[in-house]
Amino acid sequence: MPAPVTSPPPPGPAPAVGPALADSPAPADGTAPEQGPDPVDTGSPTSTAAPADSPARSPWPRFALLVAILGAAAGSLLLWSPTALLDGGLSHGMPWYWRGPLFAAVYAVGTVAFFPRPALNAAAGLLLGLQEGLLLAVLGTTLGAAAAFGLARWLGQDALRRLLRGRVLVALDRRFTDQGFRSVLLLRLFPGLPFQAANYGAAVSGVRFGSFIGATALGVIPVTAVYVAAAATAREPGSTGFLLSIGALGLLGLATLVQVGRAAARRRRTVTD
């Protein structure tokens, strides 16, 4: 049979082709309809391009300022001595209502300037006696720790946290963040750890300021009391209080040696593993 002849379409304008026929039905053979080209961004105001993020400010200038402040505080000890100032200015001719605040202030500045706390505690015991000396020594210790913590948290935390590497440092940071009060309290009860190192190390971690201050004020009482009592009873070397204080100092020194030995053993095991 011959093939049927189809007539050509009638003349007329060609149908317009749209950019996309989203609502057109699919062909009967099941093939997907052809889509038009993707729309091109013409740069009109309606285009929504996300702005680039501005670079974060570098924390290292603030860290350099922290180093400069602490260096100046430590260097100032070449020009003055906290114990000499306490002995010369607060023990003779000073009204009682000024003596306490000034003593606490000098003690606090001395701790920020890395002056040894045992010497400050001894000065408190010699000049003020056991009760008043212990109270003002604990107050000065807490104020100095708060000042050091605030400086390090404000100027140095962002820079130093970038240096936290390794499992040990990350684990310590997590512990201080989750158990801040308990961790700081243990540091204060441990006599072998430098007081200033605990201040700045806690400031770099995530411990809260209130937990740090509360644990410091409570944790420094035992060690401070031993030094203040030893100095307060030093004028009577044969007294029971002096002998007990000297015995307590010996125990603190022994505990420090034991803790240092254990820490060294743990480091050796970590290196060998």
Nearest atoms (heavy-atom pairs only) where [X] meets [Y]:
{"X": "Pro222", "Y": "Leu189", "answer": "CG-CD2, 3.9 Å"}
{"X": "Leu139", "Y": "Ala104", "answer": "CD2-CB, 3.9 Å"}
{"X": "Thr216", "Y": "Ala145", "answer": "CG2-CB, 3.9 Å"}
{"X": "Gly140", "Y": "Tyr107", "answer": "C-CD2, 3.5 Å"}

| query | Can you tell me if Arg117 and Thr224 form a side-chain donor-acceptor pair at under 3.5 Å? | reply |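 The criterion, which ignores hydrogens and geometry beyond distance, is satisfied for Thr224 and Arg117.
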| message | Could you go through Tyr200 and Leu70, starting from their C-alpha distance and side-chain angles, then the distance that decides it, and tell me whether this counts as side-chain contact (heavy atoms from CB on, under 4.5 Å)? | response | CA-CA 11 Å; Tyr200 301 120; Leu70 297 180; 3.3 Å; yes
| ILVMFWY network linking Leu134 to Phe195, side-chain heavy atoms under 4.5 angstrom |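 Yes, Leu134 connects to Phe195 through the hydrophobic network.
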Tell me whether [X] contacts the main-chain N or O of [Y] through its side chain, where contact means a donor paired with an acceptor under 3.5 Å.
{"X": "Gln196", "Y": "Val112", "value": "no"}
{"X": "Gln157", "Y": "Ala152", "value": "no"}
{"X": "Arg188", "Y": "Ala215", "value": "no"}
{"X": "Thr233", "Y": "Ala229", "value": "yes"}
{"X": "Thr111", "Y": "Ala108", "value": "yes"}
{"X": "Arg153", "Y": "Ala203", "value": "yes"}

| task | Give a yes or no on this: more than 12 heavy atoms of other residues, nucleotides or ligands lie within 6.0 Å of atom CH2 of Trp80. | result |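 More than 12 within 6.0 Å, yes.
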Contact check, side chains of [X] and [Y], non-hydrogen atoms, under 4.5 Å:
{"X": "Phe115", "Y": "Ser81", "value": "yes"}
{"X": "Phe103", "Y": "Leu136", "value": "yes"}
{"X": "Leu120", "Y": "Pro82", "value": "yes"}

